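Protein chains get the first letters and strands the later ones, always in sequence-line order, with residue 1 at the start of each. All values derive from a computational prediction rather than experimental measurement. For the numbers below, each heavy atom of this structure counts, side chains included, while hydrogens, waters and symmetry mates do not.
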Protein chains: 2
Amino acid sequence: MPTGASSHLLKKLDMLISVRKRVKAGSIIYHTGSQFHAIYAVKSGFIKTEILHEDGRMQITGFYMSGEILGFDGIATDHHICTSIALENSEICIIPLSWIERFNQGSDELQRHFYKLMGREIVRDHTIMLLLGSMQTEERVAAFMLNLSQRFQARGLSPYSLTLRMKREEIGSYLGMKIETVSRILTKFQEQGLLEVQQKNIRILDMNGLKRAISQSPEI
Amino acid sequence: MPTGASSHLLKKLDMLISVRKRVKAGSIIYHTGSQFHAIYAVKSGFIKTEILHEDGRMQITGFYMSGEILGFDGIATDHHICTSIALENSEICIIPLSWIERFNQGSDELQRHFYKLMGREIVRDHTIMLLLGSMQTEERVAAFMLNLSQRFQARGLSPYSLTLRMKREEIGSYLGMKIETVSRILTKFQEQGLLEVQQKNIRILDMNGLKRAISQSPEI
DNA sequence: GACATGATTTGATAGATATCAAATTGACAT
DNA sequence: ATGTCAATTTGATATCTATCAAATCATGTC
């Protein structure tokens, strides 16, 4: 899974762009159907994006933390297909479309960076498709924890001590399973000595064990 | 689901680019790990892309038909994360990265188009994530058939008569289910009078019935 | 501290899908 | 036509996950 820290570009953007905004936990950054006019870089905090099907079904499509960029879902149609909501008090950088286009005219490098950022979103999505389409629930949860661990580590935090900002239900939605299943698997991992679970605080006790939990597919 | 016909840009590209190539059924257009240097527009035929997990698991991430563009999975890391294989004799346009960048310098409109094309891939991926994460197998198959139907229609073909270019196993991989399940559901749909199935030829008998098959999720 | 509320966990059971095995079909070469 | 091989379908069963119900826990309020 991609670590997601796009430090190189973000440093550039940081110098160029200073349209920062604070968003409170629970507040909506953009919602489905709204006009697309910017992408958003997370400076601090935790953001989720979710997509809604006509029949009312909803699925969380991503969790974004500092250094990651959301909002690309609006480019294709000029309207966002997702809703993005802050999971805690967060700080975001607003990067208007017009800026992107203007910068691109001037800089080959920046232009290529934006392509890469979008490309990263595509890679991330494909990884999730693989996860949802061909892994079992335990494997998905293990992959999720390892992914979070890597992203924490990429930010200078401990890869062994995770503070979840989302509810069990949101993990379940993201991973395509019910809340009870998430809970049971966390309990099981704890019993196996892979994790220590205390509400939203997860301690990874056996990193290799978690990795093994992914690879042990029934087939092959 | 997105229809995927990006006729507007493709007409432009058609005039600008004439690096066409014929690919035989079964041949690989690019493979996982290979250097990214171009994206590919399908002129005719049918292409699949698949992603491979370290432990050997494989999943098909997309089927591409005329007017659709593949290869964006390589932009993020400069190396493709998918392998793309022609499902029948096909014709593709090779659009080198260098051309894209050169064009963008000159034309705002083309530049925006490329962003939109990548954005479309992201929307497509999110739709599949929703499908894999929160639909049951019957609903997924129904959604798949309706999606194909729309894409056939967008190309001037009958939306009621579908010729599948992929095997049942490939449908299963794409939809996150086993081949037997695909087969059983097609049989069931046929018994319900929704479809007429003759090997790879599908006739849609009840379009609204298929749509209803998607929306009837157990929960609301 | 007792209470109210929402989140999470746990248990029992039902339902959906995978697995395994076998039969059938189709395409193609001989 | 006949045989061969791959693809597909079908059936019986096992496994996994969801569902429903209840208990427990955490948090904030009075």
Side-chain angles (χ1 to χ4, degrees), chain A residues 25-26 48 57-60 87-88 131-145 162-192 195-202 213-214 216-220, chain B residues 25-26 48 57-60 87-88 131-145 162-192 195-202 213-214 216-220:
Chain A
K48 70 171 175 179
R57 248 170 301 200
M58 189 265 284
Q59 169 136 3
I60 290 178
L87 288 175
E88 60 178 340
L131 181 141
L132 291 173
S134 53
M135 287 187 184
Q136 298 197 305
T137 52
E138 281 187 30
E139 303 176 301
R140 288 181 227 165
V141 173
F144 178 68
M145 290 300 162
L162 314 177
T163 304
L164 305 181
R165 304 301 178 167
M166 70 293 281
K167 299 188 225 171
R168 298 285 189 273
E169 191 170 9
E170 291 167 324
I171 296 175
S173 171
Y174 181 63
L175 297 178
M177 65 187 76
K178 292 297 167 189
I179 177 175
E180 296 95 329
T181 305
V182 175
S183 178
R184 277 185 242 273
I185 290 170
L186 288 180
T187 302
K188 184 174 179 185
F189 281 174
Q190 190 165 220
E191 286 167 357
Q192 293 177 338
L195 301 175
E196 186 186 306
V197 182
Q198 279 184 339
Q199 309 147 222
K200 295 205 191 305
N201 300 303
I202 307 280
I214 297 181
Q216 281 170 348
S217 80
E219 47 190 336
I220 299 182
Chain B
K48 71 170 173 179
R57 250 169 301 200
M58 190 267 284
Q59 169 137 2
I60 291 177
L87 289 175
E88 62 177 341
L131 180 140
L132 291 173
S134 54
M135 288 187 183
Q136 299 196 303
T137 51
E138 281 186 30
E139 303 176 302
R140 290 182 226 164
V141 172
F144 178 68
M145 291 299 163
L162 314 178
T163 304
L164 305 181
R165 304 300 179 168
M166 70 293 282
K167 299 187 223 170
R168 298 285 189 271
E169 192 172 7
E170 291 169 324
I171 296 175
S173 171
Y174 181 63
L175 297 178
M177 65 187 76
K178 293 295 168 189
I179 178 176
E180 296 95 330
T181 306
V182 175
S183 178
R184 277 184 242 273
I185 290 170
L186 288 179
T187 302
K188 184 175 177 184
F189 281 174
Q190 189 164 222
E191 285 167 357
Q192 291 176 340
L195 300 176
E196 187 186 305
V197 182
Q198 281 183 339
Q199 310 146 221
K200 294 202 190 305
N201 299 304
I202 307 280
I214 298 183
Q216 281 169 346
S217 77
E219 46 190 333
I220 295 182

A.B. asks: For A:Lys188, report the nucleic acid contact type (base, sugar-phosphate, nothing); a contact means any heavy atom under 4.0 Å.
C.D. replies: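 Result for A:Lys188 = nothing.
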A.B. asks: Heavy atoms under 4.0 Å, any strand shown: does A:Thr137 hit a base, just sugar-phosphate, or nothing?
C.D. replies: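 Sugar-phosphate only.
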A.B. asks: Atom CD1 of A:Ile185 to atom P of D:dA18: distance rounded to whole Å?
C.D. replies: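 Spelled out: CD1 on A:Ile185 to P on D:dA18 is 8 Å.
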A.B. asks: Are B:Lys167 and D:dA6 close enough that a side-chain N or O sits under 4.0 Å from OP1 or OP2?
C.D. replies: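 Answer no for this pair, as no side-chain N or O of B:Lys167 is under 4.0 Å from OP1 or OP2.
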A.B. asks: Nearest whole angstrom, please: distance from the C1' of C:dT10 to the CZ of A:Arg168.
C.D. replies: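 So the CZ-C1' distance, A:Arg168 to C:dT10, works out to 14 Å.
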A.B. asks: Would A:Met166 and A:Ile60 count as a side chain to side chain contact (heavy atoms under 4.5 Å, CB included) here? Give the steps.
C.D. replies: CA-CA 11 Å; A:Met166 70 293 281; A:Ile60 290 178; over 6 Å; no
A.B. asks: I want to verify a distance call: between C:dT8, D:dA18, D:dT8, whose nearest atom is closest to the A:Lys200 side chain?
C.D. replies: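 In terms of side-chain proximity for A:Lys200, the closest of C:dT8, D:dA18, D:dT8 is C:dT8.
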A.B. asks: Using whole Å, what does the distance between atom P of nucleotide D:dA7 and atom CG of B:Asn201 come to?
C.D. replies: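 Spelled out: CG on B:Asn201 to P on D:dA7 is 17 Å.
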A.B. asks: Say whether, by atom type as modelled, one donor and one acceptor occur between the side chain of B:Arg165 and the main chain of B:Glu88 under 3.5 angstrom.
C.D. replies: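 No; judged by distance alone, with no hydrogens or angles, the pair does not exist.
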A.B. asks: Would B:Leu175 and B:Met135 satisfy side chain to side chain contact (heavy atoms under 4.5 Å, CB included), going step by step from the backbone distance to the final call?
C.D. replies: CA-CA 10 Å; B:Leu175 297 178; B:Met135 288 187 183; over 6 Å; no
A.B. asks: Is a side-chain N or O of A:Thr187 found less than 3.5 angstrom from the main chain of A:Ser183, in a donor-acceptor match?
C.D. replies: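 Yes: the side chain of A:Thr187 pairs with the backbone of A:Ser183.
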A.B. asks: Output the rounded distance in Å from NZ (B:Lys178) to P (D:dT17).
C.D. replies: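 Rounding to the nearest Å, NZ of B:Lys178 and P of D:dT17 are 13 Å apart.
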A.B. asks: Is the backbone N or O of A:Lys200 less than 3.5 Å from a side-chain atom of A:Arg168, with the two atoms forming a donor-acceptor pair by type?
C.D. replies: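 Looks like no, no N/O pair under 3.5 Å.
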A.B. asks: Closest approach to the side chain of B:Thr187, judged atom by atom: which nucleotide of C:dT17, D:dA18, D:dT10 is it?
C.D. replies: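 Comparing C:dT17, D:dA18, D:dT10 against the side chain of B:Thr187, the answer is D:dT10.
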A.B. asks: Rounding to a whole Å, what distance do you find between B:Met177:CE and C:dT19:P?
C.D. replies: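 For the pair B:Met177 CE and C:dT19 P, the rounded distance is 13 Å.
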A.B. asks: Please tell me which of B:Thr181 and A:Glu138 maps to the more 5' nucleotide of DNA chain D, matching each residue to the nucleotide holding its nearest heavy atom.
C.D. replies: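 The 5'-side residue here is B:Thr181.
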A.B. asks: When the axes are fitted on five pairs at both termini, how much does the helix from C:dG1-D:dC30 to C:dT30-D:dA1 curve, in 10° steps?
C.D. replies: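 The angle separating the two end axes equals 30°.
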A.B. asks: Nearest-Å distance, CD (A:Gln190) to C1' (C:dT10)?
C.D. replies: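 Going from CD in A:Gln190 over to C1' in C:dT10 covers 14 Å.
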A.B. asks: Find every protein N or O atom lying less than 3.5 Å from an N or O atom of nucleotides 20-23 of chain D, and list the pairs.
C.D. replies:
from	atom 1	to	atom 2	distance (Å)
D:dC20	N4	A:Glu180	OE2	3.2

A.B. asks: Grab the CG-C1' distance between B:Leu186 and D:dT9 for me, whole Å please.
C.D. replies: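 So the CG-C1' distance, B:Leu186 to D:dT9, works out to 11 Å.
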A.B. asks: Just wondering, more than 12 heavy atoms not from A:Glu138 lying within 6.0 Å of its CD?
C.D. replies: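 Above 12, so yes.
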A.B. asks: Could you tell me whether the side chain of A:Arg140 and the main chain of A:Gly176 form a donor-acceptor pair under 3.5 Å?
C.D. replies: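 Answer holds: yes.
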A.B. asks: Just the table, please: protein N/O against nucleotides 23-28 of chain C N/O, every pair under 3.5 Å.
C.D. replies:
from	atom 1	to	atom 2	distance (Å)
C:dA27	OP1	B:Gln199	NE2	3.3

A.B. asks: Please give, in whole Å, the distance from D:dA26 P to A:Gln198 CD?
C.D. replies: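 Nearest whole value for this atom pair: 9 Å.
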